[in-house]
Amino acid sequence: MTRIRSFDDLAPGMSFDLGGFSLPRQEVLDFAARYDAQPFHLDDEAARDSVFGELVASGLHTLSAAFGHMIRTGFIAEVSMGGNAIDLKWPAPLRPDEAVTLRVVVEELRPSRSKPGLGIAKLRYLVTREADAVLVLDALCTHFMKR
């Protein structure tokens, strides 16, 4: 697994495949009950009458799981200093137990003007279903990183 040691190790256009994960059904239900209690995240019967036609994971859960997966890989563990923005899209739903993969693409980099030991990176998280290669999450996230 690639581990970034400094903001300066990155260049626009770089892409990193960070492996896969899934959201188990019970985890989907628990997350929805606590944070996004819409019927199509909680109940199979209610979900059948939704635009999805079946139970699907919360997009917020998908985002959280992707971020957590990236952090657990250690990819930016040595340089991460937080962030402050996300431009977010959920182009397709994610069903419980579906396997997905995460790819991170470096979109933009700039050194901090006020803090020379810090860089600002815009990283795009792309989460794709393994079964059909459909994109379920496209998130452009701004990260602060050590130089």
Side-chain angles (χ1 to χ4, degrees), residues 1-42 47 50-52 54-147:
M1 172 60 53
T2 300
R3 288 178 177 246
I4 303 305
R5 308 259 187 247
S6 167
F7 166 83
D8 298 307
D9 292 342
L10 298 173
M14 291 175 92
S15 177
F16 302 89
D17 292 317
L18 300 182
F21 62 92
S22 64
L23 301 179
R25 179 182 171 80
Q26 191 58 52
E27 188 179 307
V28 167
L29 296 171
D30 292 346
F31 184 97
R34 186 155 185 195
Y35 300 110
D36 192 355
Q38 297 181 79
F40 44 84
H41 298 319
L42 288 168
S50 74
V51 297
F52 304 110
E54 62 186 325
L55 189 84
V56 297
S58 166
L60 297 171
H61 188 188
T62 306
L63 173 65
S64 297
F67 184 77
H69 178 77
M70 181 198 59
I71 293 300
R72 282 188 299 279
T73 67
F75 173 61
I76 60 171
E78 294 180 38
V79 299
S80 180
M81 299 295 290
N84 73 345
I86 301 174
D87 179 8
L88 188 56
K89 295 176 185 73
W90 294 290
L94 178 61
R95 294 175 285 278
D97 300 306
E98 282 191 302
V100 293
T101 58
L102 171 61
R103 184 166 48 100
V104 175
V105 179
V106 179
E107 294 285 332
E108 182 181 319
L109 300 168
R110 70 178 169 85
S112 172
R113 287 187 291 265
S114 61
K115 296 182 177 152
L118 191 70
I120 302 162
K122 289 192 177 185
L123 304 179
R124 184 173 300 279
Y125 303 3
L126 299 167
V127 176
T128 305
R129 293 191 303 231
E130 285 185 14
D132 57 9
V134 169
L135 189 66
V136 298
L137 173 73
D138 180 347
L140 183 61
C141 303
T142 301
H143 290 265
F144 303 129
M145 296 182 170
K146 292 179 191 176
R147 297 189 75 187

Under 4.5 Å between any side-chain heavy atoms of Ile120 and Phe144, yes or no? yes

Is Phe7 close to Leu118 at the side-chain level, that is, under 4.5 Å between some pair of heavy atoms? no

Do Leu88 and Tyr125 have side chains that get closer than 4.5 Å, going by heavy atoms? no

Quick check: closest heavy atoms across Val127 and Leu135, and the distance to 0.1 Å? O-CD1, 3.3 Å

All heavy atoms of Ser15 vs all of Arg103, minimum pair found to be OG-CD, 3.1 Å

I'd like to know whether OH of Tyr35 has more than 12 heavy-atom contacts from other residues, nucleotides or ligands below 6.0 angstrom. no

Could you check if a side-chain atom of Trp90 sits within less than 4.5 angstrom of a side-chain atom of Val136, using non-hydrogen atoms only? no

Taking side chain as C-beta onward, heavy atoms only, is Ile86 less than 4.5 Å from Cys141? yes

Can you name the closest pair of heavy atoms from Asp138 and Pro91 and give their distance? N-CD, 4.3 Å

Is a donor on one side and an acceptor on the other found under 3.5 Å between the side chain of Glu27 and the backbone of Pro24? no

Lys/Arg-Asp/Glu bridge criterion (N-O < 4.0 Å) met for Asp97, Arg25: no

A side-chain contact here means heavy atoms from C-beta on lying under 4.5 Å apart; do Met81 and Lys146 qualify? yes

Could you tell me if the side chain of Thr2 sits less than 4.5 Å from the side chain of Met14, heavy atoms only? no

Side chains of Asp36 and Leu42: does their closest heavy-atom pair fall under 4.5 Å? no

Non-hydrogen atoms of His69 and Gly20 that approach each other most closely: CE1-O, 3.2 Å

Once you measure the plane-to-plane angle for His61 and Phe31, does it fall in the parallel (<30°), tilted (30-60°) or perpendicular (>60°) bin? parallel

